[in-house]
Amino acid sequence: MSDSNIGGEASILEERRRKLEELREQNIAYVNNYTPTNKAKELHDSHGQLSKEELENKKITNLSVAGRIVLKRVMGNASFVTIRDGSGDIQAYISKNNIDTELYKNFKSWDLGDIIGITGNLFKTKTEELTVEAHSIILLTKSLRPMPEKHKGLADIEIKYRQRYLDLMSSPESKEIFIKRSKIVSSIRSSMLEDGFLEVETPMMHSIPGGAVAKPFITKHNALDRELFLRIAPELHLKRLLVGGFDKVFEINRSFRNEGLSTRHNPEFTMLEFYAAFATFNGTIDFTEKIIKSASKAVGNNSKIEWDGDKIDLSNFSTKTLNDLVIEHNSDLCADDLMNLDKLRSYSKSIKMPYKDSWGVGKVLLEIFEKSVEANLIQPTFVTEYPVEVSPLSRRNNENPSIADRFELFIGGKEIANGFCELNDPDDQAERFKEQVKAKADGDDEAMGYDEDYITALEHGMPPAVGVGVGVDRLVMMLTNQSSIRDVILFPQLKS
RNA sequence: GGGUCGCUAGCUCAGCUGGUAGAGCAGUUCGCUUUUAACGAAUUGGUCACAGGUUCGAAUCCUGUGCGACCCA
């Protein structure tokens with residue numbers, strides 16, 4: 001059977017294994033302790049601008065680089081290779097004049113994908129390309145499998161995600177997204193720390209899922225013989241810390257929601273949540289805006305960005321109420337209708353939006369908002385005055401107890417942040433939990449449970465506070481102009 | 001769950017109204033001492049996703065299944 005596969009995949013692997021065996025026999029397979037003196041990018045940055053002559057006069061000798069062979073051009077007794085390290089690419093010139101004849105012969109059998117080290121001088125070719133002239137070369141790691149196609153890279157989107165390393169080694173563009181992701185997270189962290197927030201870590205495994213309206217993943221602790229839930233949000237633990245006396249806390253970490261996969265949803269996703277005691281609602285809106293602007297700057301954007309074909313101006317955030325937006329985008333509704341359950345139900349029918357009988361005014365209104373308004377909020381917009389009914393952890397507005405002091409930020413038609421004045425009245429909170437428990441009993445499997453310990457904490461007294469959650473993955477999508485969440489998560493969840 | 005598109009060499013892709021499988025890259029061999037997706041010559045490599053059906057004949061047409069992508073709910 002293997003006879004019929006000569007030249008096929010099996011024979012490619014066989015051929016490379018044969019080469020590896022030769023290395024093993026000479027005891028030079030998988031070399032360790034090789035530390036190059038330079039990175040490709042450093043060399044380009046420090047010497048790329050010099051002319052061929054200037055570089056020759058400088059006589060930069062005895063430097064070394066190491067990386068994966070991504071291109072190889074053999075011309076008989078002299079060759080060029082392009083190697084790629086963590087910082088970028090650099091070319092090397094390998095001539096029989098400068099290295100051992102036997103070594104040169106071996107080099108010719110090295111493959112694309114092999115990781116090598118090169119020591120030599122820096123020079124520029126006649127086309128002014130910065131190049132390392134090799135005086136010694138060494139094969140550090142033999143690659144047994146072929147790299148992705150060298151011109152077009154990986155086209156199979158599933159392999160791109162499942163074998164992300166292949167994507168990263170062949171696509172500098174993909175790599176750049178994840179470098180930017182790191183810069184964005186780092187910028188967020190700096191913004192928080194500079195403003196006096198304390199970074200904390202709270203449990204990922206909860207006995208009662210809470211802090212958001214979503215389905216949890218269920219797991220089991222064997223020794224305790226107890227069901228546990230992967231957290232859907234860190235909120236309730238962070239607020240316990242406010243009770244404890246930390247005035248400003250934040251956490252950047254994973255939460256988990258047991259929902260479908262889409263270009264906008266991954267079951268595990270990263271959120272920034274921060275809570276500030278004694279902060280004001282409007283001040284927090286401004287701070288949220290500042291975090292996003294700084295993060296955008298950190299990846300080299302100016303205030304005008306493009307996301308998914310939309311032009312977005314990050315220098316211009318506006319604030320509008322939910323009711324105003326619903327009326328603006330639904331000409332058949334007037335302000336009075338928004339308080340009338342029958343009117344909202346009949347309107348829902350007219351726009352073919354299904355609703356449940358258990359839903360009150362607030363829930364129906366929110367659904368209408370999500371269906372008719374959200375996608376149109378392209379420019380940065382803080383939406384305020386959410387119904388209390390759909391905001392079980394938010395403080396009621398002083399003037400209008402049916403709305404919450406809450407905002408959500410939309411950019412590019414997508415929800416980026418959600419914040420509100422925190423509900424610190426334990427009795428009100430207990431009532432809201434009861435409503436959630438009732439909703440759960442009525443079949444809403446996204447409703448929260450009753451968290452008695454959290455009520456106890458509130459009874460000890462939580463200072464007035466404002467809290468915000470920011471979807472980090474979506475923020476990265478926006479700031480790197482990606483339309484799928486899978487392109488900003490290194491190892492996204494896939495079907496099967 | 002519904003719809004649309006896709007699945008052909010290790011990789012990237014052609015393959016017309018049905019006539020028995022193609023290119024580039026990678027691999028192998030040879031040549032080539034400043035190349036730039038290096039080049040030139042030769043060469044290897046296929047259960048055309050799978051299963052049925054139509055047909056003298058199917059990668060191609062039909063039906064079903066699987067896997068994937070996107071859109072909608």
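Worth saying up front: this structure is predicted, and the values here are computed from it rather than measured.
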Say you pick atom C1' in U20(B) and the same atom in G15(B); how far apart are they, in whole Å? 13 Å

No-hydrogen, no-angle side-chain donor-acceptor test under 3.5 Å, Glu129(A) and Thr127(A): no

Of the listed nucleotides (A69(B), U33(B), C67(B)), which one gets closest to any side-chain atom of Glu158(A)? C67(B)

For the P atoms, the ones on C7(B) and on C48(B), what distance do you get once it is rounded to whole angstrom? 14 Å

Grab the CZ-P distance between Arg16(A) and A26(B) for me, whole Å please. 11 Å

Report yes if a donor N or O on one partner sits less than 3.5 Å from an acceptor N or O on the other, where the partners are the side chain of Gln91(A) and the base of U35(B); otherwise report no. yes

If I compare all heavy atoms of Glu259(A) with all of Ala214(A), which pair ends up nearest, and what's the gap? OE2-CB, 3.6 Å

Work out how far the P atom of G2(B) is from that of G64(B), and round it to whole angstrom. 13 Å

Nearest-Å distance once atom P is located in both A14(B) and G24(B): 16 Å

Who pairs with Lys215(A) by side chain to side chain contact (heavy atoms under 4.5 Å, CB included), at least two apart in sequence or on another chain? Asn258(A), Asp445(A), Glu446(A)

Side chain of Thr127(A): nearest nucleotide among G10(B), U33(B), U35(B)? U35(B)

Rounded to whole angstrom units, what separation is found between the CG atom of Asp114(A) and the P atom of A26(B)? 14 Å

Give the nucleotide from the list U33(B), U36(B), A69(B) with an atom nearest to the side chain of Ile157(A). A69(B)

If you draw a 6.0 Å radius around CZ in Arg73(A), do more than 12 non-hydrogen atoms from other residues or ligands fall strictly inside? yes

Please give, in whole Å, the distance from U33(B) P to Met75(A) CE? 8 Å

With respect to the phosphate group of A38(B), does any side-chain polar atom (N or O) of Lys150(A) fall under 4.0 Å of OP1 or OP2? yes

Give Phe123(A) one of three labels, base, sugar-phosphate or nothing, depending on what nucleic acid heavy atoms sit under 4.0 Å from its own. base

Any side-chain N or O of Arg486(A) below 4.0 angstrom from OP1/OP2 of A69(B)? yes

What's the gap between G22(B) and G45(B) when it is taken at their C1' atoms, as a whole Å value? 13 Å

Between U35(B), C67(B), G10(B), which nucleotide gets closest to the side-chain atoms of Pro146(A)? G10(B)

Base, sugar-phosphate or nothing for Leu71(A)? Non-hydrogen atoms, less than 4.0 Å. sugar-phosphate

Could you provide the dot-bracket string of RNA chain B, using ( ) for intrastrand pairs, [ ] for crossing pairs and | for bases paired to another strand, with Watson-Crick or G-U pairs below 3.5 Å? (((((((..((((.....[..)))).(((((.......))))).....(((((..]....)))))))))))).

Base, sugar-phosphate, or nothing: which does Lys19(A) touch, judged by heavy atoms less than 4.0 Å apart? sugar-phosphate

Nearest-angstrom distance from the residue atom CG of Asp308(A) to P of C70(B): 12 Å

Under the rule for ring-ring contact (aromatic ring centres under 6.0 Å, His included), what residues qualify as partners of Trp359(A), not counting sequence neighbours? none

OP1 or OP2 of A38(B) versus the side-chain N and O atoms of Arg73(A): is any pair under 4.0 Å? yes

Side chain Ser11(A) and base U28(B) donor-acceptor under 3.5 Å: no

Looking at U33(B), U34(B), C32(B), which one has an atom nearest to any side-chain atom of Lys96(A)? U33(B)

Sugar-phosphate only, base, or nothing, as touched by Thr263(A) at under 4.0 Å among non-hydrogen atoms: sugar-phosphate

Suppose we screen for side chain to side chain contact (heavy atoms under 4.5 Å, CB included). Which residues come up paired with Glu374(A), at least two apart in sequence or across chains? Phe369(A), Glu370(A), Phe410(A)

Could you work out the separation of A73(B) and C67(B) based on their C1' atoms and round it to a whole Å? 23 Å

Pair up each side-chain donor or acceptor in residues 74-89 of chain A with any protein partner under 3.5 Å, not counting sequence neighbours, and list the distances.
{"residue": "Asn77(A)", "atom": "OD1", "partner": "Lys96(A)", "partner atom": "NZ", "Å": "3.2"}
{"residue": "Ser79(A)", "atom": "OG", "partner": "Tyr104(A)", "partner atom": "OH", "Å": "2.7"}
{"residue": "Arg84(A)", "atom": "NE", "partner": "Asp89(A)", "partner atom": "OD1", "Å": "2.8"}
{"residue": "Arg84(A)", "atom": "NH1", "partner": "Met169(A)", "partner atom": "O", "Å": "2.6"}
{"residue": "Arg84(A)", "atom": "NH2", "partner": "Asp89(A)", "partner atom": "OD2", "Å": "3.1"}
{"residue": "Asp85(A)", "atom": "OD1", "partner": "Ser87(A)", "partner atom": "N", "Å": "2.7"}
{"residue": "Asp85(A)", "atom": "OD1", "partner": "Ser87(A)", "partner atom": "OG", "Å": "2.7"}
{"residue": "Asp85(A)", "atom": "OD1", "partner": "Gly88(A)", "partner atom": "N", "Å": "3.1"}
{"residue": "Asp85(A)", "atom": "OD2", "partner": "Ala40(A)", "partner atom": "N", "Å": "2.8"}
{"residue": "Ser87(A)", "atom": "OG", "partner": "Ala40(A)", "partner atom": "N", "Å": "3.3"}
{"residue": "Ser87(A)", "atom": "OG", "partner": "Lys41(A)", "partner atom": "N", "Å": "2.9"}

Ignoring backbone atoms, test whether Lys152(A) places a side-chain nitrogen or oxygen under 4.0 Å from the OP1 or OP2 oxygen of C25(B). no

Would you kindly check whether a donor in the side chain of Glu15(A) faces an acceptor in the base of U28(B), or vice versa, at under 3.5 angstrom? no

Under 4.0 Å between any heavy atoms, over every strand shown, what does Asn97(A) touch: base, sugar-phosphate, or nothing? Just pick one. base

Could you work out which one of U12(B), A69(B), U35(B) sits closest to the side chain of Leu494(A)? A69(B)

Within 6.0 Å of NZ in Lys220(A), more than 12 heavy atoms from elsewhere: yes

If I compare all heavy atoms of Val468(A) with all of Phe407(A), which pair ends up nearest, and what's the gap? CG2-CZ, 3.7 Å

Considering only heavy atoms and no angle criterion, is a donor-acceptor pair shorter than 3.5 Å present between the side chain of Glu149(A) and the base of G10(B)? no

Gap in Å between the two P atoms, one belonging to G10(B) and one to A49(B), rounded: 13 Å

Does anything in residues 262-273 of chain A pair up under salt bridge (charged side-chain N to carboxylate O under 4.0 Å, His left out), and if so which pairs, sequence neighbours excluded? Arg254(A)-Glu268(A)

Separation of His265(A) atom NE2 from C71(B) atom P, in whole Å? 13 Å

What distance, rounded to whole Å, do you find between the two C1' atoms, one in A23(B) and one in U17(B)? 24 Å

